[in-house]
Number of protein chains: 2
Amino acid sequence: MLEAKLAEAGMLKRLLDSIKELVTDANFECTEEGINLQAMDNSHVALVAVHLQAAGFKRFRCDRPMPLGVNLGSLTKVLKCAKDDDECTLKAADEADVLNLVYEAKNSDRIAEYDMKLMDIDSDTLGIPDTEYEAEVSMPSAEFARIVRDLSALGESVRIEVSKEGVRFASEGESANGSILLKKDGEVGRVKTAKEKKADKARANGEEPEEDDEEEEENEDGEEKPKKVKKEKVKKEKGDEDVEMEDEEKDEEEFKANSDAEDEKSEPSDDEESGKKRKKKTNGSSKPAKKAKTTKGKGKGKKDEDEKTVFDFSMNSHVSLTFSLKYLVNFAKSTSMTNKVELRLSNDVPLLVDYDFGQGYVRYYLAPKIGDE
Amino acid sequence: MLEAKLAEAGMLKRLLDSIKELVTDANFECTEEGINLQAMDNSHVALVAVHLQAAGFKRFRCDRPMPLGVNLGSLTKVLKCAKDDDECTLKAADEADVLNLVYEAKNSDRIAEYDMKLMDIDSDTLGIPDTEYEAEVSMPSAEFARIVRDLSALGESVRIEVSKEGVRFASEGESANGSILLKKDGEVGRVKTAKEKKADKARANGEEPEEDDEEEEENEDGEEKPKKVKKEKVKKEKGDEDVEMEDEEKDEEEFKANSDAEDEKSEPSDDEESGKKRKKKTNGSSKPAKKAKTTKGKGKGKKDEDEKTVFDFSMNSHVSLTFSLKYLVNFAKSTSMTNKVELRLSNDVPLLVDYDFGQGYVRYYLAPKIGDE
DNA sequence: ATGCCCGTAT
DNA sequence: ATACGGGCAT
């Protein structure tokens with residue numbers, strides 16, 4: 001059975017608001033590591049991947065992996081019945097056909113309980129590329145939202161170009177063309193390999209590269225995390241199969257539904273080093289980076305306070321890709337989740353738009369337009 | 001070619017927001033003196049006149065007069081892509097069919113550039129009355145906005161009445177009637193003639209007034225009969241170049257939105273004031289505040305700092321006119337441009353609603369309703 | 001300048 | 001019913 005207690009229902013509410021327009025139904029895959037959701041948008045153009053790590057909950061227990069088929073519209077309605085600062089507990093029995101939600105006001109003078117029907121959803125877990133991108137851009141999520149919204153008023157699509165000059169967003173429309181260039185003060189770095197990132201993170205924590213994972217747990221500290229979590233982490237160190245990991249494997253490809261993705265767990269521990277080059281089994285590799293930021297929330301892991309939310313980018317080669325603004329504008333709804341967003345791009349590969357909030361992440365993948373479609 | 005750099009894009013954004021609902025397309029007439037725009041509203045009832053003086057720009061260059069046909073909707077879209085405090089540079093080559101806009105963030109780490117298509121617009125430059133109004137009202141723009149908005153909830157039109165008692169805005173609706181009376185502390189002065197204003201301005205600049213005062217006195221008495229008085233003056237000061245006068249003559253016809261109203265027969269209507277003490281030549285006294293703004297031309301002042309934005313008015317004769325609130329509410333959008341607004345009225349002549357911000361002005365002209373249409 | 005609320009459109 | 005845009009208030 002599942003029993004997960006969230007300190008603030010507001011996070012879930014914002015999360016649902018972020019993705020419900022893109023996806024109507026999806027499976028919340030619950031495991032001892034946390035909750036994952038993956039789905040193609042209704043028109044099968046974009047892919048959404050959400051992860052809520054167990055450590056991000058005030059309490060988290062999931063005896064065995066279980067998929068909860070949820071209609072996001074229904075869940076949104078039910079969540080609207082919670083106040084943002086209510087504690088929210090999600091419960092589901094094994095094989096249950098309902099999800100039980102309990103909202104408790106901070107002062108405990110009010111307890112609301114809801115049961116939401118679940119549905120069976122084809123779990124076409126998709127393989128998600130874990131590419132090592134040629135360019136990475138980090139910027140305030142509000143600025144990204146502003147840019148895509150601005151340009152969407154002019155045209156249908158935007159060309160995102162990363163060069164040593166900076167990052168350019170250009171769009172052409174009937175009555176006007178627009179181009180925004182973001183320049184960086186310092187020098188432009190190259191995208192680090194997974195290993196390098198790991199090392200960086202370790203350094204940042206003043207620790208030895210190896211056991212960095214340890215601290216991650218600490219980061220969570222705000223809430224105490226169940227020991228289980230810790231164990232997991234430990235495992236990771238060796239086994240390193242992160243939940244995310246599972247998805248990896250297929251990187252290169254766009255998103256193809258490969259129902260098997262999940263199985264491969266125990267992979268060789270981190271071979272980040274080995275795989276850095278391309279993705280091979282780099283599974284573990286990409287993650288570190290993410291975690292880095294993710295976890296960094298040492299404090300209470302709320303937003304990314306320590307992140308100054310400044311613009312920065314790195315690249316290994318010039319990248320220029322065109323995307324549908326309609327989707328990017330939609331992705332930007334996740335601005336409510338955190339003040340930073342990361343874009344990762346490689347030519348001819350889906351763009352990754354990553355919103356990493358302390359307790360997990362929301363990632364969007366969008367294939368570039370080819371030619372002038 | 002044109003190259004004009006504005007210190008704050010926000011001014012232009014607010015300006016467009018002010019008028020875009022009234023006018024969809026218009027020529028930005030660029031000359032070395034600045035930029036002018038004149039247009040009837042879409043239903044040809046109101047006239048909008050905008051002036052941006054060259055001195056109001058951080059840099060202004062216009063080699064030769066050139067009209068830039070702009071779709072205000074497109075320009076609004078493009079301007080929305082600028083942050084209020086961005087520096088905004090407008091560039092257009094001679095005969096160009098596009099207007100180039102460059103937005104530079106204050107910290108310069110972001111540069112956005114847009115090219116907006118221009119269009120050919122029949123330049124039916126309209127003659128604008130430069131009447132010497134019988135009554136002038138100066139008040140906080142927010143207060144004017146509030147009044148017309150409030151009254152628009154009750155009825156379709158408002159009667160604006162200026163008498164020694166004060167300025168009254170009255171509206172009648174099906175379910176309720178409303179009336180707002182604005183009273184002045186001091187005494188009510190009469191509207192100064194162009195010459196007097198000129199003199200005031202001169203004085204303000206520490207200069208010696210010409211010989212103007214002379215005639216002013218005489219005029220005074222004539223309070224009752226404005227028109228005639230003016231004429232008299234004209235004659236008297238023949239030599240004097242009263243631009244206003246001339247226009248006055250023709251003006252009358254300009255807006256015939258409501259065709260008839262034009263001929264100014266403005267009779268002396270109420271002469272309640274006749275006997276009053278009115279301060280003979282005291283004109284200067286009460287008015288000070290007023291003149292300040294009137295003369296605005298000079299300084300490049302931004303807002304009207306010196307103006308306390310308080311209510312004040314002057315009149316030569318009783319005035320009572322009725323206007324469509326729909327338009328006034330629309331005019332009030334310019335409240336964002338400056339904290340002061342001036343209303344100038346004469347019986348049977350279009351009302352002038354003047355928003356004078358340091359770098360230029362936005363003026364609206366609206367013909368009064370006749371009878372109870 | 002940002003956020004909230006209301007109204008309109010899809 | 002939901003989403004987007006505009007206006008008002010803080």
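Please read these numbers as outputs of a predicted model, since none were measured by experiment. Each chain gets a letter, A, B and so on, in the order the sequences are listed, and its residues count up from 1.
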Next on the checklist: Measuring from the side chain of B:Asp84 (C-beta onward, heavy atoms only), which nucleotide among C:dA1, D:dC4, D:dG6 has the closest atom?
Outcome noted: C:dA1
Item to check | Nearest-Å distance for atom pair CD/P, residues B:Glu8 and C:dA1 | outcome: 8 Å
Checklist entry - Atom CZ in A:Phe311, atom NZ in A:Lys184: separation rounded to 0.5 Å? => result 7.0 Å
Checklist entry - For A:Asp17 and C:dG3, what is the distance between atoms CG and C1' respectively, to the nearest whole Å? => result 15 Å
Checklist entry - Atom CZ of A:Arg14 to atom P of C:dG3: distance rounded to whole Å? => result 13 Å
Checklist entry - Are any of the side-chain nitrogens in B:Asp354 or B:Arg363 under 4.0 Å away from the carboxylate oxygens of its partner? => result yes
Checklist entry - Touch check for A:Lys20, heavy atoms < 4.0 angstrom, all strands: base, sugar-phosphate only, or nothing? => result sugar-phosphate
Checklist entry - Rounding to a whole Å, what distance do you find between B:Lys83:NZ and C:dT2:P? => result 7 Å
Checklist outcome for this item: note: A:Ile19, atom CD1; D:dA3, atom C1'; distance rounded to Å ~ 17 Å
Next on the checklist: Could you tell me how far apart A:Asn71 (CG) and D:dA1 (C1') are, to the nearest whole angstrom?
Outcome noted: 13 Å
Checklist outcome for this item: Closest to the side chain of B:Arg149, out of D:dC8, D:dG6, D:dA3, is D:dC8
Checklist entry - For the pair made of NZ in A:Lys333 and C1' in D:dT2, what is the distance, rounded to whole Å? => result 9 Å
Item to check | From B:Arg59, B:Lys106, B:Lys5, residue fulfilling side chain to side chain donor-acceptor pair (under 3.5 Å) relative to B:Glu87 | outcome: B:Lys5
Checklist entry - Less than 4.0 Å between a side-chain N and a carboxylate O, is that true for A:Arg146 and A:Asp150? => result yes
Next on the checklist: Output the rounded distance in Å from CE (B:Met11) to C1' (C:dA1).
Outcome noted: 19 Å
